Protein chains: 2
Amino acid sequence: MPDQHSPLRAQRRAETQRTLQAHAVRLFTERGYDATTVTDVAEAAGMSPMTVYRHFPTKEDLVLVDHNGRLVAERIAASSAAQPLVRRIGNALIDSAATLTGSGRGDDGTASRQFLLARLRLMISTPALRARHLDNHYALQQAIVDALGAGAGDAADPETAFRAQAAAGACLAAMHTALMRWAEDDGRTELPHLIAKALAAAFGDDVVGAGPDA
Amino acid sequence: MPDQHSPLRAQRRAETQRTLQAHAVRLFTERGYDATTVTDVAEAAGMSPMTVYRHFPTKEDLVLVDHNGRLVAERIAASSAAQPLVRRIGNALIDSAATLTGSGRGDDGTASRQFLLARLRLMISTPALRARHLDNHYALQQAIVDALGAGAGDAADPETAFRAQAAAGACLAAMHTALMRWAEDDGRTELPHLIAKALAAAFGDDVVGAGPDA
DNA sequence: ACCAATCTGGTAGTGGCTACCACTCAGGTA
DNA sequence: TACCTGAGTGGTAGCCACTACCAGATTGGT
């Protein structure tokens with residue numbers, strides 16, 4: 001984790017990571033994940049296999065890198081604690097999805113949305129990636145529980161934590177269903193809308209969407 | 001899949017698989033999953049590494065083998081279609097858990113429960129196993145959707161399937177939370193009760209437990 | 001006694017991944 | 001300019017999961 005020292009270093013580092021990931025997703029999509037070796041990716045990006053492992057701990061991470069966990073956690077922490085758990089979590093997921101898929105600012109984010117879709121398709125079709133993707137959800141679940149203040153706050157009530165984990169896990173599962181559907185539709189349907197529909201299907205129409213939003 | 005031809009063959013096969021799995025879980029628990037090689041397991045069981053791979057396609061499967069998917073599916077198919085989705089699924093999960101952990105008949109299933117706990121602990125602590133375990137849940141989710149008649153029945157309404165998937169995924173996530181808690185408690189709390197509590201936390205106390213059961 | 005299917009074991013090889021070490025190149029200091 | 005540090009990069013060798021491909025052994029049924 002050598003980065004924050006020099007902003008220029010960090011920038012170059014992020015650059016090569018993006019390059020590497022782009023080549024990886026392209027090759028995996030073209031030839032298949034298992035049929036593509038890390039060496040292939042390295043050659044396509046014009047570096048040595050060693051360098052790939054410097055930037056991505058495993059081959060799977062070439063597809064799975066994700067930084068939106070913090071986004072969700074922030075929105076949850078900012079939401080009103082008076083609302084029911086699933087509404088707090090659900091709204092945070094919907095808002096984060098809107099931020100992710102909505103056009104960034106000015107440029108419609110078609111390119112990045114296509115990239116996200118390509119990664120998602122790989123995750124769905126490749127068992128190893130699918131498994132690790134779900135495990136990432138598990139980590140995100142912990143982050144959500146912490147953001148709810150139920151994790152290891154001052155009074156770590158195991159009962160409260162248990163409830164929060166159950167709710168968070170269920171919400172994430174619903175979101176996952178929405179993600180799958182989104183990928184099937186090639187991103188034509190709006191993702192936030194799909195997530196809202198999935199949450200409504202699981203928890204009932206009254207739970208999500210109503211109430212004051214943070 | 002060469003088995004059903006001779007019942008004697010199948011029996012011996014199942015025997016060696018149990019032996020192999022027992023040694024594997026023991027060694028993994030003692031030395032750690034990553035620190036134990038497949039060759040170690042093979043030696044402990046007195047066979048060649050090759051034979052291990054004949055019976056278990058991957059090292060992970062030595063811990064993850066599970067046959068209770070059918071159990072859940074049957075209970076769901078037998079439940080009344082008039083009830084809300086999450087209640088049908090939730091009750092099926094609770095009943096299956098009761099069947100699994102409850103003393104079989106006569107002998108209290110302490111040994112098998114300890115074995116189940118050991119496997120669960122491995123799944124929780126080892127990232128690779130955790131990931132594949134969650135992926136198995138994904139497969140179970142599909143089975144549930146099919147059992148609900150929403151999968152590929154005559155009229156495969158994508159909207160119905162979507163709702164069923166969201167509900168099933170959410171229920172399984174809640175059950176997973178209960179499983180974790182059960183493992184933390186070393187199985188002291190009754191698993192069905194924990195699952196019911198997790199479902200209630202996610203979906204509300206009124207959804208689960210009430211209504212006529214199938 | 002025979003046949004066929006199955007179970008088992010061995011060898012060799014691929015590919016992900018990890019040490020351990022060496023080189024290059026930017027940036028700051030004297 | 002000369003020097004030093006530290007990050008980025010590359011190479012070699014090796015472990016281990018896993019997979020062909022092939023060969024012997026054992027079992028069940030005839």
Side-chain angles (χ1 to χ4, degrees), chain A residues 1-21 23-25 27-28 31-65 122 126-132 135, chain B residues 1-21 23-25 27-28 31-65 122 126-132 135:
Chain A
M1 18 322 205
D3 36 21
Q4 22 261 51
H5 286 298
S6 166
L8 204 149
R9 298 281 203 204
Q11 189 180 340
R12 292 181 81 84
R13 191 174 171 79
E15 175 82 18
T16 57
Q17 284 184 7
R18 266 194 302 275
T19 307
L20 229 25
Q21 204 182 27
H23 281 286
V25 170
L27 288 179
F28 292 161
R31 312 182 194 170
Y33 179 79
D34 292 319
T36 309
T37 72
V38 174
T39 307
D40 291 339
V41 176
E43 280 178 3
M47 349 185 160
S48 105
M50 296 300 310
T51 308
V52 178
Y53 283 112
R54 305 257 187 236
H55 290 273
F56 297 90
T58 75
K59 182 186 180 184
E60 294 158 359
D61 286 295
L62 281 166
V63 179
L64 292 167
V65 189
L122 282 171
T126 310
L129 292 177
R130 198 174 52 208
R132 279 227 26 201
D135 193 51
Chain B
M1 10 333 207
D3 35 21
Q4 20 261 53
H5 285 299
S6 166
L8 205 150
R9 298 282 204 198
Q11 190 179 340
R12 291 181 80 83
R13 191 174 173 79
E15 175 82 18
T16 56
Q17 284 184 6
R18 266 195 302 274
T19 306
L20 229 26
Q21 204 181 26
H23 282 286
V25 170
L27 288 180
F28 292 160
R31 312 182 194 171
Y33 178 80
D34 292 319
T36 309
T37 71
V38 174
T39 307
D40 292 338
V41 176
E43 280 178 3
M47 349 185 159
S48 104
M50 296 299 311
T51 309
V52 179
Y53 283 113
R54 306 257 184 231
H55 290 272
F56 297 90
T58 75
K59 183 186 180 184
E60 295 158 357
D61 286 295
L62 280 166
V63 178
L64 293 168
V65 190
L122 282 171
T126 310
L129 293 176
R130 198 175 53 210
R132 277 231 22 202
D135 194 49

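Fair warning: this is a prediction, and the values are worked out from it, not measured in the lab. Protein chains get the first letters and strands the later ones, always in sequence-line order, with residue 1 at the start of each.
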Participant: Under 4.0 Å between a Lys/Arg side-chain N and an Asp/Glu carboxylate O for B:R12 and B:E15?
Facilitator: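 So B:R12 does not pair with B:E15 through a salt bridge.
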Participant: For the residue pair A:M47 and A:V52, establish whether any side-chain heavy-atom pair is separated by less than 4.5 Å.
Facilitator: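 No - every pair of side-chain heavy atoms lies 4.5 Å or more apart.
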Participant: Could you tell me how far apart A:D61 (CG) and C:dG16 (C1') are, to the nearest whole angstrom?
Facilitator: 13 Å
Participant: Without decimals, in angstroms, what is the distance between A:K59 NZ and C:dT14 P?
Facilitator: 16 Å
Participant: Taking only N/O atoms, report every protein-nucleotides 19-25 of chain C pair under 3.5 Å with atom names and distance.
Facilitator:
none

Participant: Using a 4.0 Å heavy-atom cut-off across all strands, classify B:P49 as base, sugar-phosphate, or nothing.
Facilitator: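 B:P49: no heavy atom of the nucleic acid under 4.0 Å.
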Participant: Taking atom P of D:dA7 as reference, at what distance in whole Å does atom CD of A:E15 sit?
Facilitator: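 Atom-to-atom, A:E15 to D:dA7, this comes out as 21 Å.
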Participant: Start with the C-alpha distance between A:T36 and A:V41, add both sets of side-chain angles, then the distance that settles side-chain contact (heavy atoms from CB on, under 4.5 Å), and finish with yes or no.
Facilitator: CA-CA 8 Å; A:T36 309; A:V41 176; 4.1 Å; yes
Participant: Do A:R132 and A:T58 make a side-chain contact, defined as non-hydrogen atoms from C-beta onward lying under 4.5 Å apart?
Facilitator: yes
Participant: Taking only side-chain nitrogens and oxygens of A:R13, does any of them come within less than 4.0 Å of OP1 or OP2 of D:dG8?
Facilitator: yes
Participant: Nearest 0.5 Å, what's the CG-OH distance between A:L122 and A:Y33?
Facilitator: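 Between A:L122 CG and A:Y33 OH, I get 9.5 Å after rounding to 0.5 Å.
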Participant: Can you tell me the distance, in whole Å, between the OH atom of B:Y53 and the P atom of C:dG13?
Facilitator: 18 Å
Participant: Per the salt bridge (Lys or Arg N to Asp or Glu O under 4.0 Å) rule, what does the pair list look like for residues 32-59 of chain A, sequence neighbours excluded?
Facilitator: A:R31-A:D40
Participant: Say you draw a straight line from CZ of A:R130 to OG1 of A:T126; how long is it, rounded to the nearest 0.5 Å?
Facilitator: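 Interatomic distance, A:R130 CZ to A:T126 OG1, rounded to 0.5 Å: 8.5 Å.
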Participant: Is B:H55 close enough to C:dT8 that one of its side-chain N or O atoms is under 4.0 Å from OP1 or OP2 there?
Facilitator: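 Answer is yes, contact under 4.0 Å.
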Participant: When the distance from CZ of B:R12 to C1' of C:dT8 is rounded to whole Å, what number comes out?
Facilitator: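 After rounding, the gap between these two atoms is 12 Å.
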Participant: B:F56 CZ to D:dT19 P: how many Å, rounded?
Facilitator: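 Spelled out: CZ on B:F56 to P on D:dT19 is 15 Å.
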Participant: Any residue in residues 31-48 of chain B with a heavy atom nearer than 4.0 angstrom to DNA chain D? Just list them by number, or reply none.
Facilitator: B:T36, B:T37, B:V38
Participant: Go through B:H55 and B:D61 one step at a time and tell me if the side-chain contact (heavy atoms from CB on, under 4.5 Å) criterion holds.
Facilitator: CA-CA 9 Å; B:H55 290 272; B:D61 286 295; over 6 Å; no
Participant: Rounded to whole Å, please give me the gap between CD in A:E60 and P in C:dC17.
Facilitator: 7 Å
Participant: So how far is it from B:L62 CG to B:F28 CZ, rounded to the nearest 0.5 Å?
Facilitator: 5.0 Å
